Amino acid sequence: MSYHLRKSILVTGGAGFLGSRLCELLLEQDHDVICLDNFFTGTRSNIIHLMDNPHFELMRHDVTFPVYIEVNEIYNLACPASPIHYQLDPVQTTKTSVHGAINMLGLAKRTRAKILQASTSEVYGDPKVHPQTEDYWGHVNPIGVRSCYDEGKRCAETLFFDYWRQHQLRIKVARIFNTYGPRMHPNDGRVVSNFIIQALKGEDITIYGDGSQSRSFCYIDELVDGFIRFMNTDDKVTGPINLGNPVEFTIKELAEKVVAMIGSKSKLVYKPLPHDDPTQRQPDITEAKAKLGWEPVITLEEGLKKTIPYFDNFLKNGSP
Ligand code: NAD
Ligand code: UDP
Ligand code: UDP
């Protein structure tokens, strides 16, 4: 790529699960990448292999504080994503979403950078419309244990659209549905990592509730490809756009699949369902197909085949 096309790209939350993969792909596309992270849930090991790349720069920083740098594009991913982590310090979670969005939008305003927000299917709450389309306003508890995350992300979306209307910022709002793959945090309690680790160790598989609740799981590489396609769309394309794999599974089906694929002796056990746990979730991706030419093709089985060895290695060697 010629020099003038090389962009300076900021990835907040770049040491996390999705962010570290995004940094890798942007470097492969010959861009300069600044990874900003406070290492709350992200780790150095996720990005250690990038540290020698002269086009990669790591900034230890918290997005709730201002940052003054020069960039062409911003991917705003900084925020703990798993219920266990975002509920550890819920006030900080809301601050990260809201103050973080204000600071990154301020940065985008000053530098005239394009900015993409990693929003979430949680803005739909426990949805009454199924599958979820972007025009659905959601069914969200504003005062529950998940609210710090859900309402924080909803407020961030509001800020993005107000900076767009008020300051003509070039915004892209992606609503991400459950994503899985290598580098998921092994202790963050998300369902795919929990089930794989439990099955590999031969421990009980902990199904919360009766396992009839559903989720739709997207493999990480496809999700991150969706981010980059979205960032490269015409300025008129602001979203929100759902990004996720529309094939829906119940949590019990996921447990059975993981146990069968690993050939584990683990038994399924049933635990109480957490408060406000959404009963169903499936993205309608008509918009993503039309505007980004994007559609996931990696099946859950194929994605799990790529993910299980990562955790197997982690359990045997303590690191990826
Ligand atoms: P993750 O926890 O692995 O990554 C989040 C990163 O943000 C971590 O590296 C963490 O250290 C960093 N971070 C947290 N607070 C910060 C702060 N105040 N300042 C700077 N850095 C901070 O989670 P992930 O799965 O990679 O999620 C990335 C983004 O995508 C999040 O915004 C999340 O809400 C969103 N998302 C993810 C999913 C999913 O299934 N993985 C689904 C919906 C939305
Ligand atoms: N900000 C930042 N980096 C910049 C520009 C702004 O972190 O390069 C922060 C700044 O601290 C401010 C926030 O972004 O509080 C919002 O900026 P904006 O210009 O919208 O608002 P104002 O500075 O007028 O409050
Ligand atoms: N879940 C489960 N067992 C676990 C972890 C999660 O049954 O060990 C369930 C959880 O209650 C939810 C679904 O799996 O219904 C997805 O949970 P996750 O935390 O991965 O994501 P989210 O709830 O944010 O979609």
Side-chain angles (χ1 to χ4, degrees), residues 11-22 35-43 46-47 59-71 75-86 89 92-93 95-97 99-111 113 117-123 146 149 152-153 156 159 163 166-167 169 174-181 183-185 188-195 197-198 205-209 211-218 220 223 227 243-244 250-252 254-255 270-274 276-281:
V11 179
T12 77
F17 163 53
L18 297 180
S20 57
R21 186 75 188 112
L22 178 62
C35 164
L36 181 158
D37 207 293
N38 70 350
F39 296 115
F40 178 47
T41 50
T43 61
N46 284 345
I47 44 159
M59 268 181 91
R60 180 191 273 264
H61 184 80
D62 186 318
V63 281
T64 60
F65 296 100
V67 58
Y68 288 82
I69 51 176
E70 304 312 312
V71 288
Y75 290 86
N76 187 35
L77 274 62
C79 186
S82 80
I84 287 186
H85 281 138
Y86 70 64
D89 186 348
Q92 179 62 19
T93 299
K95 284 185 185 172
T96 294
S97 278
H99 292 180
I102 291 172
N103 287 328
M104 292 310 109
L105 288 160
L107 175 65
K109 184 178 140 202
R110 184 180 60 76
T111 58
Q117 167 68 356
S119 191
T120 169
S121 53
E122 296 283 338
V123 300
R146 293 174 84 103
Y149 184 74
K153 290 282 188 179
L159 285 160
Y163 270 80
Q166 203 171 325
H167 300 298
L169 248 57
R175 290 186 178 153
I176 308 162
F177 285 65
N178 297 62
T179 302
Y180 68 100
R183 293 203 207 117
M184 290 182 91
H185 196 301
D188 75 4
R190 280 190 262 192
V191 69
V192 175
S193 44
N194 264 14
F195 286 1
I197 291 170
Q198 289 163 345
I205 307 282
T206 54
I207 294 185
Y208 303 155
S212 64
Q213 73 271 34
S214 72
R215 294 292 186 275
S216 308
F217 300 100
C218 186
I220 181 164
L223 196 279
F227 278 172
L243 290 180
T250 66
I251 294 305
K252 185 156 184 261
L254 173 72
Y270 294 86
K271 303 270 181 188
L273 190 66
D276 294 335
D277 200 277
T279 46
Q280 52 181 7
R281 202 182 278 149

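Note that this is a predicted model, so its numbers are computed, not measured. In each ligand, atom 1 is the first atom listed, and ligand 1 is the first ligand listed.
When heavy-atom distances to ligand 2 are checked against a 4.0 Å cut-off, His167 has no atom that comes that close, whether in backbone or side chain. Here Ser119 has backbone heavy atoms under 4.0 Å from ligand 1, and that is the only part of it that gets that close. Only the side chain of Arg190 comes within 4.0 Å of ligand 1, judged by heavy-atom distances. No part of His85 comes within 4.0 Å of ligand 1, judged by heavy-atom distances. Counting heavy atoms under 4.0 Å from ligand 1, residue Tyr180 does not touch it at all. In Asn178, the part holding a heavy atom less than 4.0 Å from any atom of ligand 1 is the backbone.
Checked by distance only, ligand 2 and Pro66 stay at 3.5 Å or farther apart across all their nitrogen or oxygen atoms.
Near Ile102, with a cut-off below 4.0 Å to any heavy atom, the atoms of ligand 2 are 13 (C), 14 (O), 16 (C).
Protein residues having at least one heavy atom under 4.0 Å from any atom of ligand 3 are Pro83, Glu122, Arg146, Asn178, Gly189, Arg190, Val191, Asn194, Phe195, Thr206, Ile207, Tyr208, Gln213, Arg215, Ile251, Pro274, Asp277, Arg281, listed by chain and number.
Ring planes of His85 and His185: perpendicular class, angle over 60° (limits at 30 and 60°). Below 30°, between 30° and 60°, or above 60°: for Phe65 and His61 the angle between ring planes is above 60°, a perpendicular geometry.
At least one heavy atom of Tyr163 sits closer than 4.0 Å to an atom of ligand 2. Not close to ligand 1: Tyr86, with no non-hydrogen atom less than 4.0 angstrom away.
Between Glu122 and Arg146 there is a salt bridge, since at least one side-chain N of the basic residue sits less than 4.0 Å from a carboxylate O of the acidic one.
The nearest non-hydrogen atom to atom 15 (N) of ligand 1, considering only Asp188, Leu22, Asn38, comes from Asn38. Of the candidates Thr41, Ile176, Asn103, Ile176 brings a heavy atom nearest to atom 38 (C) of ligand 1. Relative to atom 5 (C) of ligand 1, the option among Ala81, Ser97, Cys79, Gly13 with the closest non-hydrogen atom is Cys79.
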